[in-house]
Amino acid sequence: MTRLVFHVDVNSAYLSWESARRVKNGESDLRLIPAAIGGDREKRTGVILAKSIPARKCGVKTGEPVAMALRKCPELVLARPDFRLYEKKSKAFMAVCREYAPVAEQVSIDECFLDMSGTERIYPDPIAIAAAIKDTIRDTLGFTVNVGISTNKLLAKMASDFEKPDKIHTLFPEEIPKKLWPLPVGDLFTVGAATAAKLEAYGINTIGALAAAELSHVQTIIGRKWGQQLHDFANGIDDSPVLAEEEDAKGYSNSTTLEKDVTTAEEGHRVLLALADSVSSRLRADGAKARCVSVTIRSNDFKNRSHQRKLKEATDVTKEIFEVSKQLFDELWDRETPLRLLGVALTDIDRFSMSQMTFFPDAEKEKQRRIDRAADDIRSRFGTGAILRGGIYGANVGKKHKAQFELNNTKEKEHGK
């Protein structure tokens, strides 16, 4: 049986959801004017989380500071994030998708994969049923989506990123030479600016050139495992399944490519605090604890090193996780080689343990737990970017990754999502 996979992606989700609410209340549609979600116009702080097409035409970019966006577009209308609204709209969006698909996998607040394999007797025309999903969301919920259609998740994802908004695109294997291969290599899913630059330095400028290159040559440029994956992707190869239910996380991790190379321990520690804060928050949200902490560093010559440590007792306390991460970092790094990436991962997850009872509770640990609970509560009400640990300010994560801290606190799973 030939697989049939849809990727459904909300167009500029945060802005679309805020716009739909305003239109319903008789207010102007933010999608039709230079507008964006994020930050504070008066204080000129924060980052852009989503922007309208007119704002994009003015040069406004997702992830850039509000002050920079306002310099590009002084008439920009800014709306504050409303994460409760986004959660409500996301649930409504997924409810529509599940009405049509036997298997639906939500991969973020505004996108999902639908496995439509075997539904040809019910839905003989894939494009027609994709249009029904798209139009139902638009007509009943007031916002638009793109739908990508193919035989695997990768190609469906690439298809949904073609022309927007409110569009349906196919990218079947026979369409790869015409639709996929002419695109810049940086447009391939998971290829970042640094990887694209390395490939382009060797004359691999398009996805087609990457697909045609010798695998061994690609692996020489960007590494064995990464080279294999990107070479497969460029050739449209992806056998990852659409998962019916979210799996329990086997581990929690977060990493960031740095805007400037880390050259001092103090800089490295600030970045580690941001990463430890992110992963431990997700750990607590799932009611889990970790017994193992690992740290990964990548030097500016793209060589990775990692180190891990088993803990005596499972923990979900940010300060404890940060302290171990800092120790591992100090053991790993030679204090001389500039670093371009740092990562923190929590594994050996325990979901059922109870803390050992004691007549002499650890006052410092209880204090840290209260701090963590307060931070988690603020984030649950106002979004993950609403509060940062004091030591995080000044951490030189790139603008793109600062936005990702706010938007993409996604659980890492063994299947690679």
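Starting from 1, each residue takes its place in the sequence as its number.
- Considering all non-hydrogen atoms of both residues, P182 and T206 come closest at O-CG2, 4.1 Å.
- Rounding to the nearest 0.5 Å places CZ of R80 at 11.5 Å from CG of L49.
- Nearest heavy atoms, S150 versus L155: OG-CB, 3.1 Å.
- For S117 (side chain) and L4 (main-chain N/O), a donor-acceptor pair under 3.5 Å exists by modelled atom type.
- Between D330 and R335, the closest heavy-atom pair is O-NH1, 3.4 Å.
- Looking at D29, its side chain does come within 3.5 Å of a backbone N or O of R31 through a donor-acceptor pair.
- S240 and D238 share a side-chain donor-acceptor pair at under 3.5 Å.
- The structure places CD1 of I137 at 10.0 Å from CG of N11, a figure rounded to the nearest 0.5 Å.
- Judged purely by distance below 3.5 Å, without hydrogens or angles, the side chains of K89 and S16 never pair a donor atom with an acceptor atom.
- Listed by chain and residue number, R270 satisfy the side chain to side chain donor-acceptor pair (under 3.5 Å) test with E266 (two or more places apart in sequence, or in another chain).
- When only modelled atom types and interatomic distance are considered, D9 and S160 share no side-chain donor-acceptor pair under 3.5 Å.
- For F143, the ring-ring contact (aromatic ring centres under 6.0 Å, His included) partners are W17, not counting sequence neighbours.
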- From CA spacing to verdict: salt bridge (charged side-chain N to carboxylate O under 4.0 Å, His left out), E111, K157: CA-CA 10 Å; E111 62 179 320; K157 167 72 174 173; 3.2 Å; yes

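- Annotation: side chain of V66 is not in contact with side chain of V47 (no heavy-atom distance under 4.5 Å).
- Between L154 and I237, every side-chain heavy-atom pair lies at or beyond the 4.5 Å cut-off.
- Contact annotation: the side chain of P34 never approaches that of V60 to less than 4.5 Å [non-hydrogen atoms, C-beta and beyond].
- Interatomic distance, T170 OG1 to K179 NZ, rounded to the nearest 0.5 Å: 3.0 Å.
- For K167, the NZ atom counts as loosely surrounded, since its 6.0 Å shell holds 12 or fewer non-hydrogen atoms of other residues, nucleotides or ligands.
- For the pair L199 and I221, the minimum side-chain heavy-atom distance is below 4.5 Å.
- Atoms OG1 and CZ, from T144 and R138 in turn, are 8.5 Å apart once rounded to the nearest 0.5 Å.
- Every pair passing ring pair (Phe, Tyr, Trp, His ring centres under 6.0 Å) that includes a residue from residues 205-236 is listed here, sequence neighbours excluded: Y202-H217.
- Scanning for side chain to side chain donor-acceptor pair (under 3.5 Å) contacts around S299 gives D301, with sequence neighbours left out.
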- Begin from the C-alpha positions of L230 and T195 and carry the test side chain to side chain contact (heavy atoms under 4.5 Å, CB included) through to its verdict. CA-CA 10 Å; L230 292 190; T195 300; 3.8 Å; yes

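- In plain terms, the two heavy atoms of A130 and V147 that are nearest each other are CB-CG1, 3.8 Å.
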- For side chain to side chain contact (heavy atoms under 4.5 Å, CB included), just list the numbers for F322 and D277, CA-CA rounded to whole Å, side-chain angles, deciding distance to a tenth of an Å, and then say yes or no. CA-CA 8 Å; F322 168 58; D277 194 30; over 6 Å; no

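- Applying the ring pair (Phe, Tyr, Trp, His ring centres under 6.0 Å) definition to pairs two or more places apart or across chains, none involves residues 180-201.
- The closest side-chain heavy-atom distance from P165 to I53 is below 4.5 Å.
- Looking at D115, its side chain never comes within 3.5 Å of a backbone N or O of P102 through a donor-acceptor pair.
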- Message: Run V295 and H307 through side chain to side chain contact (heavy atoms under 4.5 Å, CB included) and show every step you take.
- Response: CA-CA 6 Å; V295 167; H307 198 11; 5.7 Å; no

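- Within the structure, the salt bridge (Lys or Arg N to Asp or Glu O under 4.0 Å) test picks out the following pairs touching residues 12-24 (sequence neighbours left out): E18-R21, E18-R22, R21-D82.
- More than 12 heavy atoms of other residues, nucleotides or ligands lie within 6.0 Å of CZ in R309, so this atom counts as buried by the packing criterion.
- Residues that satisfy the side chain to side chain contact (heavy atoms under 4.5 Å, CB included) test with A197, not counting sequence neighbours, are absent from this structure.
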- Message: Using salt bridge (charged side-chain N to carboxylate O under 4.0 Å, His left out), reason through E87 and R84 one step at a time and then give a plain yes or no.
- Response: CA-CA 5 Å; E87 183 179 2; R84 289 183 175 178; over 6 Å; no

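- The minimum heavy-atom distance linking A50 with L15 is given by the pair CB-N, 3.9 Å.
- Aromatic ring pairs are classed by plane angle as parallel below 30°, tilted from 30° to 60° and perpendicular above 60°; the pair F113 and H7 is tilted.
- In R56, the CZ atom is not crowded: 12 or fewer heavy atoms of neighbouring residues, nucleotides or ligands sit closer than 6.0 Å.
- Atom CG in L215 sits 9.0 Å away from atom OG1 in T220 (nearest 0.5 Å).
- The minimum heavy-atom distance linking L171 with A159 is given by the pair CB-CB, 3.8 Å.
- At a threshold of 4.5 Å between non-hydrogen side-chain atoms, the residues L114 and I133 count as touching.
- Of the inter-residue distances, the one linking D110 atom CG with F93 atom CZ reads 7.0 Å to the nearest 0.5 angstrom.
- Put simply, the side chain of R282 reaches to within 4.5 Å of the side chain of N254, judged on heavy atoms.
- Side chains of D161 and H169: a donor-acceptor N/O pair is absent below 3.5 angstrom, by distance only.
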- Go through the steps for Y100 and V8 under the test side chain to side chain contact (heavy atoms under 4.5 Å, CB included), then give the verdict. CA-CA 12 Å; Y100 291 89; V8 188; over 6 Å; no

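- Checked against side chain to side chain donor-acceptor pair (under 3.5 Å), K312 has no partners two or more places apart in sequence or in another chain.
- In this structure F172 satisfies the ring-ring contact (aromatic ring centres under 6.0 Å, His included) test with no other residue, sequence neighbours excluded.
- Using modelled atom types, one finds a donor on one side chain and an acceptor on the other under 3.5 Å when comparing S90 with Q106.
- Residues satisfying the side chain to side chain contact (heavy atoms under 4.5 Å, CB included) test with C292, not counting sequence neighbours, are Q308, K310, T347, D348.
- Residues satisfying the side chain to side chain contact (heavy atoms under 4.5 Å, CB included) test with K72, not counting sequence neighbours, are K61, E64, M68.
- Contact check for V145 versus V10: side-chain heavy atoms found under the 4.5 Å cut-off.
- Applying the side chain to side chain contact (heavy atoms under 4.5 Å, CB included) test to N304 and every residue at least two apart in sequence or in another chain returns R298.
- Within a 6.0 Å radius of CD in E331, other residues, nucleotides and ligands contribute more than 12 heavy atoms.
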